[in-house]
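Along the sequence shown, residues are numbered consecutively beginning with 1. Atoms within each ligand, like the ligands themselves, are counted from 1 in listed order.
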Amino acid sequence: MLNATHNPQLKSWVASANSQTTDFPIQNLPFGVFTSAANSEPHVGVAIGDQIVDLYLLATSGLLDVNASLFAQANINAFMALDQTVWSSTRARLSYLLSNEDAATQAQIEPLLVGQSTATMLLPIKVEGYTDFYASREHATNVGTMFRDPENALMPNWLHIPIGYNGRASTVVVSGTDVRRPLGQLKPPTASEPHFGPTQKLDIELEMGAVVGTPNAMGTPLTVAQAQANIFGFVLLNDWSARDIQVWEYQPLGPFQAKAFATTISPWVVTQEALEPFRVDGPVQQPKPLDYLAQNQASNYDVALQVDINTAASDDTQTISQTNFKAMYWSSAQQLAHHSSSGCAMQTGDLLGSGTISGTTKDSLGSLLELTWNGKTPLTLASGEQRCFVENGDTLTLRGHCQGDGFRIGFGSAVGKILPAHSL
Ligand code: MN
């Protein structure tokens with residue numbers, strides 16, 4: 001439901017928050033965890049323009065009626081575990097405090113601001129479990145065409161089940177963390193025996209991650225509407241993938257080491273409430289999903305997404321893909337409902353990768369696997385360099401935002417640079 005915090009006319013006394021191109025206007029107010037030169041203890045903060053409001057200090061000062069200890073934490077899980085009404089009342093109070101042009105309020109809050117350029121962002125959530133889905137019909141069709149059979153690219157279950165696998169929570173890292181090229185077992189098509197070595201097909205997957213705020217007990221499945229309400233917010237997510245390891249290992253139990261080495265997320269969790277004005281219907285689902293997956297409200301989000309590359313040899317930044325989250329076949333709410341449908345307990349801090357987000361055009365694909373058609377049609381960058389997959393020294397950056405009227409709800413970025421593999 002829309003409320004006063006969504007008003008497009010709302011402005012902040014933090015001047016940088018009123019720029020049309022900032023990711024963090026007063027309508028956003030995403031949650032993250034940071035340290036700063038002045039304070040090496042992690043605190044929970046909210047981004048506003050190019051600043052961060054230190055919520056621990058704000059609560060300690062008495063301006064925010066939430067237990068301050070919830071914000072002297074290395075992650076936002078304790079806050080996410082509170083009732084949804086607390087998420088909402090905290091957002092409303094922050095919106096009021098940061099928009100209220102009252103000199104006394106400003107004078108109290110200004111000393112609690114930390115410049116983002118002077119802060120170090122930490123992994124915002126303690127990731128209890130990481131599950132990755134496969135919910136873009138375009139992506140699933142492309143991969144099925146390449147890896148199996150163009151005539152039967154979608155597996156028979158795909159239109160009935162939000163397909164997923166249990167990934168590794170232990171290697172989810174915050175934006176800016178370098179990623180080591182993984183070693184693995186490889187069997188090129190021309191080889192008769194597998195060998196062990198560095199992946200030759202290191203890839204990205206452009207995804208959004210849904211963060212579970214409210215848990216459900218073991219044995220108590222969620223409806224789609226309940227699942228929707230239990231999602232605290234969203235991050236950008238790069239599900240790094242080693243395609244040559246994947247293609248050899250994935251049958252019959254799905255990806256394993258090919259995706260276990262690193263997953264990069266953005267440091268700011270944009271709340272579901274901030275995204276409310278950008279909720280849209282997804283594609284028509286035909287055949288009609290089974291009743292437990294039926295959704296009777298718009299559950300997709302209109303988020304413009306892009307992937308940028310920087311190589312070691314060039315100072316240029318080049319956008320290699322632009323797409324949108326809104327076309328995903330299965331919504332995050334359906335994925336969470338399905339995940340709980342067996343009685344699986346979902347916990348505060350669980351992370352659900354949407355699956356690679358690919359559009360219908362050649363420049364809207366969410367992986368290099370698709371952009372170069374498994375290396376057959378390399379990308380030529382402005383510098384003249386060619387790329388089939390990610391090379392050592394490359395930096396890949398995901399960005400995303402919802403475009404409002406005169407403002408945007410941004411997700412910041414999810415950045416990772418590739419280091420050479422360990423020598424054997
Ligand atoms: Mn993935």
Using 30° and 60° as the class boundaries, would you call the ring planes of Phe71 and Phe79 parallel, tilted or perpendicular?
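Taking Phe79 first and then Phe71, their aromatic rings sit tilted (interplane angle of 30° to 60°).
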Of all the N, O or S atoms in Glu207, which has the shortest distance to the Mn ion (ligand 1)?
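It is OE2, the N, O or S atom of Glu207 closest to the Mn ion (ligand 1).
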Atom nearest to the Mn ion (ligand 1) - Asp239, N, O or S atoms considered
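Sorting the N, O and S atoms of Asp239 by distance to the Mn ion (ligand 1) puts OD2 first.
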Exam field: side chain Asp394 to backbone Val390, donor-acceptor pair closer than 3.5 Å:
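Not at all, since once roles are kept as given, no pair shorter than 3.5 Å links the two residues.
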Nearest heavy-atom neighbours spanning Ser364 and Ser321:
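That would be C-OG, 3.5 Å.
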How open is the angle at the Mn ion (ligand 1) from atom OD2 of Asp132 over to atom OE1 of Glu205, rounded to 10 degrees?
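Value returned, to the nearest 10°, is 150°.
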Side chains of Asn157 and Ile163: does their closest heavy-atom pair fall under 4.5 Å?
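Contact flag for Asn157/Ile163 side chains = yes.
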